[in-house]
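In what follows, a structure is listed as structure tokens, so that the remarks can point back to it.
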Amino acid sequence: LKIKSGETIGIIGGTGSSKSTLIQLISRLYDATEGTVKVGGIDVRSYDLETLRNQVAVVLQKNILFSGTVKENLRWGNKNASDEELKEACRLACADEFISQFPDGYDTYIEQGGANVSGGQKQRLCIARALLKKPKILILDEPTATLTPSEAEHLFRVMRDLKAKGVGMFFISHHLEEIYEICDSLSILRDGKYIGSAKVDNIDIAEMIQMMVGREVENIYPERRTLAHDEILLEAEIQLTESSQLNRLTLRKGEILGLAGLVGSGRSEAILALTGADKCFKKRVRLAGKEVTIKSTDRALRLGIGLLPESRKTQGLVLPFSVKDNIWLNKHACQFSLIRDNEERLTAERLINHVGVKTPDAGTAVGTLSGGNQQKVVISRWLNHDVNILIFDEPTRGIDVGAKSEIYQIMRDLTAQGISIIMISSELPEVIGVSDRVMVFRDGNIVAELENDQINSTVIMLHAAGNII
């Protein structure tokens, strides 16, 4: 694997392909046990770590900022940077049009708390901090995972500027269309092995996927099945605010209900209110025909409603815990009982095999697994609890196409067992490919309910955008 000055290489691979391990070897978080990694013709083990990390800068998928000001966070990248260098890096990565929104522009922006900025701005600040090192190589790990389309486009403009200045970049992404947009070539990993490289102009997506997963993936979405009955499992009336309308949401037994809408449309807020994780102006819920009160997530859990949160790393898992202990979290939270280690291990191993978690064993720390396997552990935890309804919030964010197909099949298998699923997704193809029925949100309100041939991108976007388009 070689990279030249001013070249952008896409690194792609399935769940557990060792993309993250490759980053850690290049940046010497780990030292390679075999082979060599050279920067500027010199083995990285010959560099002291500070010098190497000025040569090779890494922007991780999880953007780490501490509670100091933006300026203090930026100086973490280069403590000797001048004010002019701080300003230049900040403007390059954060965009003048954003900074100009502050009363005194840059001077106000640089002094605000780093922990208070939005997800997209955290991403930009981490890039600005990396640029202060003036690196020869910049590694971007899933940089668009939490960005809006406009924020992603700004990132690509930044990358093109860096390319023109001779910075070599490794770009890791599960969004294969981004590889075509921003990369010169790509390299593919699978199961810890290098599979091959190609110029982006010389390979199509079908070939790319086949090399990633080792087989052809003709259709990543499982075939829809006809619902055996129209039994209504859940009826909810939710009014988020005093000024919003009363939303009526129904969920049938064994169906996948997709919630679509633009960022900030109120999908997640409605579900947080439903499960008792957040307050709303008015709420009424009937479960299996019986009216119930849900004022907390603990109450929702006891009623058999499970939530797989958007951020599995911070909200769905305890990363230092083992796979086994994460699978048993719900059981231990809901009932006081003696821990029977052998029973728990056998149950965890059964679920690991059932869901297809790739892990050395049940005692492995879940934080060491890939994103797709971590999501499967979250699913396993809910399968170890009596649930009738599962809510998937952005179920495949940061997951490769092969693992996505496996997650979709698991979801479809769950509905065949009578479990009902609500899926919130910002990926329109996912909403269309997986959902039996779709409700579209706009400005905190349900503005459309779609079924069958109505579920297509044009109809969904017309309702989601309203008079915006």
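Ion pairing between K283 and E237 fails under the 4.0 Å rule for side-chain N and carboxylate O. Ionic pairing of E242 and K282 is not present here: no N-O contact between side-chain nitrogen and carboxylate oxygen is shorter than 4.0 angstrom. Salt bridge status for E269 with K279: absent, with no side-chain N to carboxylate O gap under 4.0 Å. With respect to D436 and R412, a salt bridge is recorded, a charged nitrogen being found less than 4.0 Å from a carboxylate O.
Nearest heavy atoms, F281 versus T241: CB-C, 3.6 Å. Residues A362 and E349 approach most closely at CB-CG, 4.3 Å, considering heavy atoms. Nearest approach of G372 to I407, heavy atoms of both residues: O-CD1, 4.5 Å. The two residues W328 and E344 have their closest heavy-atom pair at NE1-O, 3.1 Å. Here the closest heavy-atom approach between residue G356 and residue N373 is recorded as O-OD1, 3.9 Å. The shortest non-hydrogen separation linking I455 to S435 is CD1-O, 4.1 Å.
Counting non-hydrogen atoms of neighbouring residues, nucleotides and ligands closer than 6.0 angstrom, the CG atom of D453 reaches no more than 12 such neighbours. When the shell of 6.0 Å around OH of Y180 is examined, it contains more than 12 heavy atoms from other residues, nucleotides or ligands. Heavy atoms of other residues, nucleotides or ligands lying less than 6.0 angstrom from CG of N388 number more than 12. Within a 6.0 Å sphere centred on CG of D386, other residues, nucleotides and ligands contribute 12 heavy atoms or fewer. In the displayed structure, Y194 atom OH is contacted under 6.0 Å by more than 12 heavy atoms of other residues, nucleotides or ligands.
Counting only distance, with no hydrogens or angles, the side chain of R381 and the backbone of G316 share a donor-acceptor pair below 3.5 Å. In terms of modelled atom types and a separation under 3.5 Å, the side chain of N445 and the main chain of Q245 share a donor-acceptor contact. Judged by distance alone, the side chain of S420 and the main-chain N or O of G254 form a donor-acceptor pair under 3.5 Å. Using modelled atom types, one side-chain atom of N326 and one backbone atom of S322 make a donor-acceptor pair closer than 3.5 Å. Side chain of D361 to backbone of T364: a donor-acceptor contact under 3.5 angstrom is found. Listed for the Q374 side chain is no donor-acceptor partner under 3.5 Å among the backbone atoms of L317. R286 places no side-chain N or O within donor-acceptor distance of the main-chain N or O of A236, the cut-off being under 3.5 Å. In this structure, the side chain of N202 does not engage the main chain of A198 through any donor-acceptor pair within 3.5 Å. Panel note: side chain D393, backbone L308; no donor-acceptor pair is recorded below 3.5 Å. Using modelled atom types, one side-chain atom of N247 and one backbone atom of G444 make a donor-acceptor pair closer than 3.5 Å.
Proximity of F156 to T144: side-chain heavy atoms (C-beta onward) are separated by under 4.5 Å at one or more points. The shortest side-chain heavy-atom distance between E178 and F171 falls under the 4.5 Å cut-off. Annotation: side chain of V387 is not in contact with side chain of I305 (no heavy-atom distance under 4.5 Å). Contact annotation: the side chain of C183 never approaches that of L186 to less than 4.5 Å [non-hydrogen atoms, C-beta and beyond]. Inter-residue side-chain proximity for I172 and I12 is flagged as unmet; no heavy-atom pair is nearer than 4.5 Å. In this structure, V318 and V366 have side chains that are not in contact, with every pair of non-hydrogen atoms separated by 4.5 Å or more. Within the 4.5 Å cutoff, side-chain heavy atoms of H175 are placed close to those of E427. The side-chain heavy atoms of T458 and L462, taken from C-beta on, include a pair separated by under 4.5 Å.
Of the inter-residue distances, the one linking T275 atom OG1 with D298 atom CG reads 12.0 Å to the nearest 0.5 angstrom. Atoms CD1 and CG, from I139 and L60 in turn, are 9.5 Å apart once rounded to the nearest 0.5 Å. If you take CG on L176 and CG on D204, they are separated by 11.0 Å, rounding to the nearest 0.5 Å. The line from CZ of R302 to CD1 of I294 is 13.5 Å long, rounded to the nearest 0.5 Å. Interatomic distance, W382 CH2 to L390 CG, rounded to the nearest 0.5 Å: 7.5 Å. Remark: S425 OG to I432 CD1 distance equals 10.0 Å, nearest 0.5 Å.
By the side-chain contact (heavy atoms from CB on, under 4.5 Å) test, K163 pairs with T8, M169, D184, sequence neighbours left out. T368 meets the side-chain hydrogen bond (donor to acceptor under 3.5 Å, both in side chains) test with no other residue; sequence neighbours excluded.
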Mind running side chain to side chain contact (heavy atoms under 4.5 Å, CB included) on L369 and K358 for me, showing each step along the way? CA-CA 8 Å; L369 304 184; K358 291 182 180 178; over 6 Å; no
Take E430 and Y408 through the side chain to side chain donor-acceptor pair (under 3.5 Å) test and state the conclusion after the steps. CA-CA 9 Å; E430 183 169 81; Y408 299 147; 2.4 Å; yes
Under the side chain to side chain contact (heavy atoms under 4.5 Å, CB included) criterion, do V440 and L450 qualify, and how do the steps go? CA-CA 8 Å; V440 185; L450 310 174; 4.0 Å; yes
Derivation of the side chain to side chain contact (heavy atoms under 4.5 Å, CB included) call for M212 and R190: CA-CA 6 Å; M212 283 172 57; R190 185 174 74 237; over 6 Å; no
Assess whether side chain to side chain contact (heavy atoms under 4.5 Å, CB included) is satisfied between L22 and K19, documenting all intermediate values. CA-CA 5 Å; L22 177 64; K19 300 185 295 295; 5.7 Å; no
Assess the residue pair E153 and R160 against the criterion (salt bridge (charged side-chain N to carboxylate O under 4.0 Å, His left out)); give the C-alpha distance rounded to whole Å, side-chain angles, the decisive distance to 0.1 Å, and a yes or no. CA-CA 11 Å; E153 184 50 46; R160 293 184 186 106; 3.5 Å; yes
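If you check the side chains of E394 and S426, you find a donor sitting under 3.5 Å from an acceptor. No hydrogens or angles considered: nothing links the side chains of Q417 and D413 as a donor-acceptor pair under 3.5 Å. In this model, a donor atom of one side chain and an acceptor atom of the other lie less than 3.5 Å apart for R345 and N342.
Each of E235, E231, E451 was checked for a salt bridge (Lys or Arg N to Asp or Glu O under 4.0 Å) with R252, and the lone residue meeting it is E451.
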